There are 2 protein chains.
Amino acid sequence: MTDVDVLALDNQVCFALYAANRAVTARYRPLLKTLNLTYPQYLVLLVLWEADGAGVRVRVSDLARRLRLDTGTLTPLLKRLQVRHLVRRIRSDQDERVVVITLTDSGRALREQARTVPGQLLGGSGLDPARVAALRDELKSLLQSLEDADETSVR
Amino acid sequence: MTDVDVLALDNQVCFALYAANRAVTARYRPLLKTLNLTYPQYLVLLVLWEADGAGVRVRVSDLARRLRLDTGTLTPLLKRLQVRHLVRRIRSDQDERVVVITLTDSGRALREQARTVPGQLLGGSGLDPARVAALRDELKSLLQSLEDADETSVR
DNA sequence: CGCTGATAGATTGCGCACAATATAATTGTT
DNA sequence: AACAATTATATTGTGCGCAATCTATCAGCG
């Protein structure tokens with residue numbers, strides 16, 4: 001492969017990622033609109049629902065690590081969910097630096113309405129589930145590679 | 001598959017896409033920082049550089065179509081590039097609704113500095129070019145499927 | 001010509017993303 | 001105990017990304 005090809009490939013794959021990501025979240029938008037949620041808010045709730053079922057306490061930093069977001073994104077997002085009484089933000093007694101996020105009953109109840117969301121997405125798109133799963137695994141692998149590289153370069 | 005699996009964060013392609021996209025653009029950021037560009041600004045310039053070489057006029061709507069962005073994103077972005085004298089925004093004489101975007105000499109010159117950007121990205125990450133190319137093709141195919149579905153649903 | 005509908009772009013407003021910085025609490029060290 | 005370093009979250013500011021709305025222009029048609 002020539003240098004030119006490598007340069008072009010970089011641009012192509014990054015743009016493909018950029019465009020595909022927006023196309024997919026655009027596909028989510030009308031579905032989540034019925035729950036009055038944005039896509040990042042939905043992701044936060046996915047983590048909270050999962051932890052709630054397992055009886056695990058979720059701190060802001062847990063959400064940050066799981067979703068690869070920082071507090072500049074999460075704090076205002078969580079405040080908006082709090083205003084809507086979907087979550088509570090409670091400062092920990094043991095360590096007063098920590099804020100624990102818990103679901104309210106409304107937040108817990110929203111899970112039932114959200115159950116139908118994933119199915120309506122790819123199900124209604126005529127996309128091959130096996131190919132989609134393979135793509136997901138490639139993306140996870142790519143993410144892992146990038147994060148591993150960051151780790152080692154920092155040390 | 002149980003309901004729990006469907007809502008599990010790790011099982012979602014969309015999250016993999018979302019996280020991988022941000023990881024890749026984060027990888028671009030320090031490189032583009034040396035040119036004082038953001039990733040969307042860089043994408044706009046890629047289109048302009050390409051059209052400039054081919055002697056093609058680029059309208060705002062051309063950028064919107066190519067990059068899948070709307071004017072609410074593009075207009076302020078282009079104004080910022082204009083303030084920095086990288087592009088000109090000229091309203092067409094033939095059709096006064098149209099705004100044509102042209103490169104200034106500085107904007108054209110920036111292309112040389114940008115040449116080294118892509119190679120440093122995935123090339124320096126020890127990722128297999130063939131796998132990256134396959135990923136690009138899958139993403140393009142996904143994007144195409146989603147856009148085709150939108151087309152038909154509109155009619 | 002005057003009207004209607006379509007088209008191109010701009011504007012406003014909201015919600016992310018993220019860098020940079022700040023604040024407060026905790027831990028480690030001496 | 002005093003203090004430096006670390007950790008957890010919050011705040012501020014900038015730039016997307018997109019929905020909704022607006023203005024101006026153009027094209028078609030009686």
Side-chain angles (χ1 to χ4, degrees), chain A residues 15 17-30 32-33 36-45 57-65 67-84 87 89-101 150, chain B residues 14-15 17-30 32-33 36-45 57-65 67-84 87 89-101 150 154:
Chain A
F15 175 68
L17 208 48
Y18 173 77
N21 174 51
R22 284 185 298 112
V24 169
T25 61
R27 188 56 69 102
Y28 262 104
R29 207 167 293 121
L32 294 177
K33 178 80 175 176
N36 261 296
L37 292 177
T38 64
Y39 184 66
Q41 289 169 3
Y42 170 70
L43 291 179
V44 164
L45 288 175
R57 277 160 53 108
V58 177
R59 300 169 300 169
V60 174
S61 56
D62 295 327
L63 292 170
R65 191 168 19 79
L67 301 176
R68 278 83 172 173
L69 293 170
D70 77 344
T71 62
T73 302
L74 286 172
T75 298
L77 185 157
L78 291 168
K79 283 183 176 175
R80 281 186 286 272
L81 293 182
Q82 183 185 31
V83 167
R84 294 176 49 202
V87 306
R89 298 166 58 247
I90 300 165
R91 204 160 277 276
S92 165
D93 284 342
Q94 293 89 27
D95 186 338
E96 295 212 357
R97 293 171 303 179
V98 172
V99 171
V100 175
I101 308 298
D150 285 343
Chain B
C14 321
F15 175 65
L17 206 47
Y18 173 76
N21 175 49
R22 284 185 300 114
V24 169
T25 60
R27 189 56 71 102
Y28 262 105
R29 204 166 296 122
L32 294 176
K33 178 77 175 178
N36 261 296
L37 292 176
T38 64
Y39 184 64
Q41 289 169 1
Y42 170 70
L43 290 178
V44 165
L45 288 175
R57 276 160 52 109
V58 177
R59 301 168 302 168
V60 173
S61 56
D62 295 326
L63 291 170
R65 192 166 20 77
L67 303 177
R68 276 82 172 174
L69 292 169
D70 78 344
T71 62
T73 302
L74 285 172
T75 298
L77 185 156
L78 291 168
K79 284 184 176 176
R80 280 187 286 271
L81 294 182
Q82 183 185 32
V83 166
R84 294 176 48 201
V87 306
R89 300 167 56 248
I90 301 164
R91 203 161 279 273
S92 166
D93 285 340
Q94 294 88 30
D95 185 340
E96 295 214 358
R97 293 171 301 179
V98 171
V99 171
V100 175
I101 308 298
D150 285 343
V154 167

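Here is the naming used below: chain letters follow the sequence lines, and residue numbers restart at 1 for every chain. Just so you know, these numbers come straight off a predicted model, no measurement behind them.
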- Message: Over all strands shown, is B/Ser61 touching base, sugar-phosphate only, or nothing at heavy-atom distances under 4.0 angstrom?
- Response: sugar-phosphate
- Per nearest nucleotide of DNA chain C, the residue lying toward the 5' end, B/Ala26 or B/Asp70, is B/Asp70
- Using a 4.0 Å heavy-atom cut-off across all strands, classify A/Leu77 as base, sugar-phosphate, or nothing. sugar-phosphate
- Task: Provide, to the nearest angstrom, the distance between the CD atom belonging to A/Gln94 and the P atom belonging to D/dT9.
- Result: 13 Å
- Query: Between A/Thr73 and C/dC16, is there a side-chain N or O to OP1/OP2 distance below 4.0 Å?
  - Reply: no
- Message: By the 4.0 Å heavy-atom rule, please label A/Asp95 as base, sugar-phosphate, or nothing.
- Response: sugar-phosphate
- Task: Ignoring the backbone of B/Arg29, work out which of C/dA25, C/dA19, C/dC16 is nearest its side chain.
- Result: C/dA19
- Of the listed C/dC18, C/dT11, D/dG15, the closest approach to the B/Lys79 side chain comes from C/dT11
- Query: Between C/dT26 atom P and A/Asp93 atom CG, what is the distance in whole Å?
  - Reply: 10 Å
- Query: Where the side chain of A/Pro40 is concerned, which of C/dA17, C/dA25, C/dG9 is the nearest nucleotide?
  - Reply: C/dA17
- Task: Pick base, sugar-phosphate or nothing for B/Thr38, based on heavy-atom distances below 4.0 Å to the nucleic acid.
- Result: sugar-phosphate
- Query: Across the strands shown, which category fits B/Arg68 at heavy-atom distances under 4.0 angstrom: base, sugar-phosphate, nothing?
  - Reply: sugar-phosphate
- Query: Which of parallel (below 30°), tilted (30 to 60°) and perpendicular (above 60°) describes A/Tyr28 and A/Tyr39?
  - Reply: tilted
- Message: If the cut-off is 4.0 Å, is A/Arg22 near the phosphate of D/dC16, judged by side-chain N/O to OP1 or OP2?
- Response: no
- Just to confirm, is there a sub-4.0 Å distance from OP1 or OP2 of D/dA10 to any side-chain nitrogen or oxygen of A/Arg97? no
